[in-house]
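Just below is one structure, and these are the notes that go with it.
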Number of protein chains: 2
Amino acid sequence: MKVGDISTEERIKEAAKKVFLEKGFDGTKTRDIAQEAGINTALLNYYFRSKEKLFEAIFYEATNNFYEAIFQVINDKMLTFEGKLYKMIERDIDNLLANPLLPIFIHTESSRNPEGFTKKHDLASFFTSDFVAQLNEKIAKGEFRPIHPFHLMTSVVGMVLMPFLNKKLMTSASFFTEDVWTNMVQEKKKLIPEIMLTYLRSK
Amino acid sequence: MKVGDISTEERIKEAAKKVFLEKGFDGTKTRDIAQEAGINTALLNYYFRSKEKLFEAIFYEATNNFYEAIFQVINDKMLTFEGKLYKMIERDIDNLLANPLLPIFIHTESSRNPEGFTKKHDLASFFTSDFVAQLNEKIAKGEFRPIHPFHLMTSVVGMVLMPFLNKKLMTSASFFTEDVWTNMVQEKKKLIPEIMLTYLRSK
DNA sequence: AAATATTTTAATCATTTGATTAAAAAAATT
DNA sequence: AATTTTTTTAATCAAATGATTAAAATATTT
């Protein structure tokens, strides 16, 4: 390790994140990671013992920002329901634009090993969030239509993630250039909250 | 091949579909397929030459029903825009309930190899469908808000697919039992068109 | 500076895995 | 029934792959 450089361990993790994100667990070879990190595969095992252990080490890091950001917003006491909705979607989209491979990665890997996922991320706390409490208040007051939080969550998340799930398809088939696609996604920051709020407020 | 049985070739394809759907291309071993089909791996290569070729052979079959059904509905001259929207979503959900692994499979594999996908499925024809023509008419008449077909499509498809993408997560973490989850998905047949139409008709 | 501990590598191992071969079994043709 | 063709298998190959070992290089402590 050269002084001033990031540690070897960190360099391996960064390389692993990149390769795992691109190819998934099954499609990744430890040699790819080693090459990306500029090291020997033996060193990878020296620091992390195995491919599985290395994957676990990066999985949380790679996905946590995403969930962290959401849970922070949906429990922010300073924001109204509408404020949370707009901010959550905006942050999500910004995070995903910086990391567009994340949605496919998360769904592939959480499907391959759901226990590994729920061990790391406490999704249940969505249902006890301030966001859901505010939703139920508004429904009780008659300001909003009744809707199960599951429906709200899956609708919003689905609308946010969809363009990322088929990004490669859209851009490689030259429906859209990368720029046009990005523009479309930016438009969704306004569109998705409008769709949901229009529905919630309708009678 | 025993007379009266389905052909060996067909048996291999069925087994391949099952295993590829569950584990993805990279996670599938030809031995798994052979075992599932009750044959020797040599026979698999005798009929299909290679793992890749076998995958190509089943990929179209596994995904085609899904796209077939959609394109049939969105070009059905007998249906109004609203009729198409409702029917498309209903059919989609029914197809997916019968084949819940399809969404992750499609997105994993189309991301791994986008060319292979667009070679098989002509997604561009969505934009020239009767459905999109009707949408644009309604917008021109002022009955609907202006919206890009891409936004409509990604919103609807996102809302439809989302519960399937995290099905394992939801049921394995015991947020929901399988039954409750299925119920929720059934509710979406009405909810998703309502959400979209409420938005489109709002001023 | 010498001794000790840590980090890194080259070489290699043991399995796994996709594919092939040569022969056996079954079916079709003559 | 004999011959030819097609289907199937057991055995095995060659390459890929995750992991280990023993030694070299580097850093740390005494």
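Letters A, B, ... mirror the listed sequences (proteins, then strands); counts begin at 1. No hydrogens, no waters, no symmetry mates; every other heavy atom, side chains included, goes into these values.
- To the nearest angstrom, P of dT9(C) lies 7 Å from CD1 of I39(A).
- Look at CD on Q35(B): it is 16 Å from C1' on dT9(D), rounded to the nearest Å.
- Between F164(A) and the choices N99(A), D92(A), L102(A), L97(A), the side-chain contact (heavy atoms from CB on, under 4.5 Å) rule is met once, by L97(A).
- Using a cut-off of 4.0 Å between Lys/Arg side-chain N and Asp/Glu carboxylate O, K17(A) and E14(A) are scored as salt-bridged.
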Notebook entry, point to check: Which letters describe nucleotides 10-25 of chain D, given B = protein heavy atom under 4.0 Å from base, S = only from sugar-phosphate, - = neither?
Noted result: B------BBBBB----

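- In this structure, F48(B) atom CZ and dG18(C) atom P are separated by 16 Å, rounded to whole Å.
- Between the side chains of K84(A) and S129(A), no donor-acceptor pair of N or O atoms lies under 3.5 Å.
- Taking the six-membered ring where the residue is Trp, H148(B) and F127(B) present perpendicular rings, their angle passing 60° and hence far from 30°.
- Y47(B) comes within 4.0 angstrom of the backbone, heavy atoms only, and of no base.
- Taking the six-membered ring where tryptophan is involved, the planes of F150(B) and F176(A) are perpendicular, since the angle between them exceeds 60° and thus also 30°.
- Between E9(B) atom CD and dT8(D) atom P the separation is 10 Å, expressed in whole Å.
- Using a 4.5 Å heavy-atom cutoff, the side chains of F117(A) and I106(A) are in contact.
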